[in-house]
Amino acid sequence: MAATTTIKPLLPLSLSPNKSCSYSIPSSSSFISCNPISDSTATFSLLHSNRPRGQISVSVAFNPQGNFDISMFEDEGNSSKLEPPMPPTEGRFDVILDNDAIRNLDLSPFHSATGITSPTLAEPKEFLERTIGFTINYTREDPRDPRELSEFPDIRLWFVRLDAAYPWLPVLLDWRAGELARYAAMLVPHQMSMKMGIVFNPEALELFIMNKVFVVYTWFKQHNVQKPRLKTSDMARMLGFGIEDRLFDLVDRESS
């Protein structure tokens with residue numbers, strides 16, 4: 001039996017399915033567990049989903065045997081259409097990528113657009129205000145290739161390299177224009193659905209979010225950013241997860 005949950009980034013892509021099943025996520029930490037509640041969302045002790053009914057954007061379907069299953073949601077009666085993303089934030093840093101940069105794993109377009117040439121030289125404040133986005137001018141070898149950009153291995157590999165160099169980057173992206181959801185799609189296993197949008201592997205998504213929470217919160221504290229917990233939690237909330245203060249307390253206790 002396939003298991004499903006739904007997540008809510010800022011980008012409104014689709015409506016939630018009519019039916020969903022509860023699921024549990026194995027974790028090395030005994031206090032991260034999943035429990036179904038009345039609207040078929042999931043709650044976690046320290047990491048929990050936060051998805052109001054009627055505002056669902058991205059759905060997650062995962063088969064415990066390791067296979068994705070989205071067919072159960074593609075019913076003929078659901079005629080909802082994906083809504084277009086909001087326009088880019090005015091004045092944002094826009095990173096323009098082409099085939100050459102992608103295939104050569106060349107990060108210079110990012111360096112040129114943002115001025116960030118080293119992880120240690122980036123100051124969060126300016127980028128939190130202006131945000132960062134990507135324009136991907138990718139020419140397909142076959143013009144009839146129906147795949148989305150996040151389904152091309154060479155594009156995903158470029159973003160893997162970028163993320164390895166600047167692991168706190170997601171918090172600086174143009175969330176309102178859907179850049180955080182697209183960035184996550186470059187790094188997290190998923191499928192595409194015409195009706196549901198991006199369909200993530202929920203375990204991989206949870207690990208991605210937790211990794212970014214630890215990285216971003218530590219980075220904010222190193223740079224004395226005000227309200228680091230709130231800003232870090234806002235990032236997780238854009239992908240549908242809430243972070244409890246107890247998690248930050250544990251991190252602070254470990255680093256003190």
Handout entry: Lys231 and Asp234: CA distance, side-chain angles, deciding distance, salt bridge (charged side-chain N to carboxylate O under 4.0 Å, His left out) verdict
Key = CA-CA 5 Å; Lys231 290 181 171 64; Asp234 285 346; over 6 Å; no
Distance check, rounded to the nearest 0.5 Å: [X] atom [atom1] versus [Y] atom [atom2]?
X: Leu180; Y: Met238; atom1: CG; atom2: CE; answer: 8.0 Å
X: Thr89; Y: Asp94; atom1: OG1; atom2: CG; answer: 11.0 Å
X: Arg182; Y: Leu149; atom1: CZ; atom2: CG; answer: 6.5 Å
X: Ile209; Y: Phe241; atom1: CD1; atom2: CZ; answer: 4.5 Å
X: Asp98; Y: Asn137; atom1: CG; atom2: CG; answer: 7.0 Å
X: Glu126; Y: Thr114; atom1: CD; atom2: OG1; answer: 9.5 Å

Using atom types as modelled and distance alone, determine if a side-chain donor or acceptor of [X] lies under 3.5 Å from a backbone N or O of [Y].
X: Arg156; Y: Val188; result: yes
X: Asp174; Y: Glu179; result: no
X: His190; Y: Ile198; result: no
X: Arg140; Y: Arg147; result: yes
X: Lys212; Y: Pro167; result: yes
X: Arg130; Y: Gly91; result: yes
X: Arg92; Y: Ile132; result: no
X: Trp158; Y: Arg103; result: no

Minimum heavy-atom distance between [X] and [Y], given as atom pair plus value:
X: Phe248; Y: Ser233; value: CE1-OG, 3.5 Å
X: Pro87; Y: Ala177; value: O-CB, 3.8 Å
X: Phe200; Y: Ala181; value: CZ-O, 4.2 Å
X: Leu172; Y: Leu128; value: CD2-CD2, 3.8 Å
X: Ser255; Y: Lys221; value: OG-NZ, 4.3 Å
X: Pro124; Y: Trp219; value: CG-CH2, 3.5 Å

Handout entry: Pair Arg246 + Asp249, salt bridge at N-O below 4.0 Å
Key =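 Result for this pair is no, no salt bridge flagged.
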Problem - Donor-acceptor side-chain pairing of Tyr217 and Asp252 below 3.5 angstrom - result: yes
Flag the pair [X] / [Y] as yes when at least one side-chain heavy-atom distance between them is below 4.5 Å, and no otherwise.
X: Leu105; Y: Leu157; result: yes
X: Leu121; Y: Ile116; result: no
X: Tyr138; Y: Asn99; result: yes
X: Glu203; Y: Leu207; result: no
X: Tyr183; Y: Leu169; result: yes
X: Leu247; Y: Phe214; result: yes
X: Ile136; Y: Phe152; result: no
X: Pro109; Y: Val95; result: yes

Exercise for the section: Is it possible for you to say whether Leu107 and Ile96 belong to one hydrophobic cluster, with membership spreading through side-chain heavy-atom contacts below 4.5 Å? Expected result: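 In one cluster: no.
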Exercise for the section: Output, in order, the C-alpha distance, side-chain angles, deciding distance and verdict of side chain to side chain contact (heavy atoms under 4.5 Å, CB included) for Arg229 and Phe220. Expected result: CA-CA 9 Å; Arg229 294 189 177 193; Phe220 277 164; over 6 Å; no
Practice task
Report the relative orientation of the aromatic rings in Phe134 and Phe159; use parallel for angles under 30°, tilted for 30 to 60°, perpendicular for over 60°.
Solution key: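 If you compare the ring of Phe134 with that of Phe159, the planes turn out perpendicular.
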Exercise for the section: Indicate the ring-plane relationship of Tyr166 and His111, choosing parallel, tilted or perpendicular according to the 30° and 60° boundaries. Expected result: perpendicular
